[in-house]
Colleague: 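Below is a structure I'd like to ask you about.
No hydrogens, no waters, no symmetry mates; every other heavy atom, side chains included, goes into these values. Counting starts at 1 for both ligands and their atoms, following the listed order.
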Amino acid sequence: MLIDFKRPTSHIKYLSSLSSVKWIQLALSHPIDILIDHAHCERKAAGVAIQLMFRYPSEPGLAEVLSPIAREELEHFEKILYLLRDLGYSLKALKPPPYGGELAKCIRKDEPNRMLDSFLIAGLIEARSHERLSLLALNSEHKSLKLLYESLLESEARHFGIYWKLAQNKFSKEETYQRLEELSKVETKILSQTFSLPRVHS
Ligand SMILES: [Fe+2]
Ligand SMILES: [Fe+2]
């Protein structure tokens, strides 16, 4: 079992925790499951962007930033599909961790709270992906996996920035920060209730 690993020198400051050693060890010892799960994460991230465009079709400035995110996430998805194929694997269904579903339960039903929570949760998921992909990029032993994660990192941080800006443009600074802090604590709590299978968001 791996003992020594590197942590990135920086992460998105709005995350209220860093990934546990347990997660790092689980992820690094199951590289293909993590890769397949990550393909699903990219697919779902594209779906979230498209879903928000459909839910708020006339929101000024929204489609202009979400449509490129959706396209970019699908490009990431395809990139992983090709890498899987090159490595002799293909996409398969995996039991998802409770992470996404538990976070979705925090989205308030009434507008505009629903919009604020949706932006912030989408952003938090991007921020966590950025932190975990950084760990995978730094510590993966397989060169092609290392290169893949390195190539995806920057866009996940940028996507966090886009969702954060969407929230800040529409809602007051105070409300946005306060709600992000609340949601970030819930996100940490969900991750602390460890899901035993190797997933990006176990
Ligand atoms: Fe992505
Ligand atoms: Fe993303």
Side-chain angles (χ1 to χ4, degrees), residues 8 10-15 18-19 23 27 31-56 61-87 89 91 94 96-97 99-104 106-107 115-140 144-169 180 183-184 187 190-191 198-202:
S10 63
H11 65 278
I12 293 168
K13 63 180 180 180
Y14 301 105
L15 290 176
L18 294 178
S19 291
W23 178 81
I32 299 301
D33 279 354
I34 291 290
L35 185 62
I36 292 174
D37 187 53
H38 190 56
H40 289 301
C41 292
E42 298 287 4
R43 178 178 63 71
K44 288 179 204 166
V48 167
I50 291 171
Q51 194 185 41
L52 288 170
M53 284 166 59
F54 274 76
R55 195 193 298 158
Y56 308 111
L62 191 71
E64 287 86 339
V65 294
L66 290 185
S67 177
I69 290 188
R71 246 184 307 127
E72 200 176 3
E73 304 291 23
L74 285 178
E75 280 170 16
H76 295 169
F77 174 66
E78 290 164 34
K79 200 169 176 175
I80 301 173
L81 283 186
Y82 298 136
L83 177 58
L84 278 169
R85 187 194 58 192
D86 291 348
L87 296 173
Y89 299 92
L91 198 63
L94 291 178
Y99 184 77
E102 288 298 313
L103 279 173
C106 301
I107 298 176
M115 181 190 269
L116 175 62
D117 291 353
S118 300
F119 290 159
L120 294 178
I121 286 175
L124 274 174
I125 297 173
E126 296 284 352
R128 180 60 68 190
S129 300
H130 171 262
E131 191 244 354
R132 294 203 157 171
L133 295 191
S134 305
L135 285 163
L136 294 170
L138 278 171
N139 296 291
S140 288
S144 59
L145 295 182
K146 205 175 176 65
L147 289 174
L148 172 87
Y149 294 126
E150 275 170 7
S151 75
L152 298 176
L153 272 181
E154 173 272 334
S155 31
E156 307 310 357
R158 182 164 35 79
H159 295 164
F160 165 78
I162 291 170
Y163 282 114
W164 181 228
K165 201 167 167 208
L166 281 172
Q168 285 184 311
N169 286 345
L180 182 67
L183 291 170
S184 175
E187 195 260 358
I190 296 168
L191 289 179
R199 302 288 184 262
V200 176
H201 297 113
S202 287

Colleague: Quick one: report the N, O or S atom of Glu73 that is nearest to the Fe ion (ligand 2).
Modeller: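 Sorting the N, O and S atoms of Glu73 by distance to the Fe ion (ligand 2) puts OE2 first.
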Colleague: Got a donor-acceptor contact below 3.5 angstrom from the Ser19 side chain to the Arg132 backbone?
Modeller: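 Flag not set: sc Ser19 to bb Arg132 has no pair under 3.5 Å.
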Colleague: Sub-3.5 Å donor-acceptor pair from the side chain of Glu187 to the main-chain atoms of Leu15, do we have one?
Modeller: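 Judged by distance alone, no pair lies under 3.5 Å.
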Colleague: Can you name the N/O/S atom of Glu156 that is nearest the Fe ion (ligand 2)?
Modeller: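 Output for this pair reads OE1.
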Colleague: I'd like to know whether Leu83 forms a side-chain contact (heavy atoms from CB on, under 4.5 Å) with Leu145, so could you lay out the CA-CA distance, the side-chain angles of the two residues, the decisive distance to 0.1 Å, and finally the verdict.
Modeller: CA-CA 9 Å; Leu83 177 58; Leu145 295 182; 4.0 Å; yes
Colleague: Only N/O/S atoms count here: what is the atom of Glu126 closest to the Fe ion (ligand 2) called?
Modeller: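 Distance check against the Fe ion (ligand 2) picks out OE1 in Glu126.
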Colleague: Of all the N, O or S atoms in His159, which one sits nearest to the Fe ion (ligand 2)?
Modeller: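 Among the N, O or S atoms of His159, the one closest to the Fe ion (ligand 2) is ND1.
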Colleague: Would you say the side-chain atoms of Glu126 and His130 include a donor-acceptor pair closer than 3.5 Å?
Modeller: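 No, no side-chain donor-acceptor contact under 3.5 Å.
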Colleague: With carbon and hydrogen excluded and only N/O/S kept, which atom of His76 is nearest the Fe ion (ligand 1)?
Modeller: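 So the atom name we want here is ND1.
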Colleague: What is the name of the N/O/S atom in Glu42 that sits closest to the Fe ion (ligand 1)?
Modeller: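 Relative to the Fe ion (ligand 1), the closest nitrogen, oxygen or sulfur of Glu42 carries the name OE1.
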Colleague: Any side-chain to backbone donor/acceptor pair from Lys146 onto Leu138? Under 3.5 Å, distance only.
Modeller: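 Between the backbone of Leu138 and the side chain of Lys146 there is a qualifying donor-acceptor contact (under 3.5 Å).
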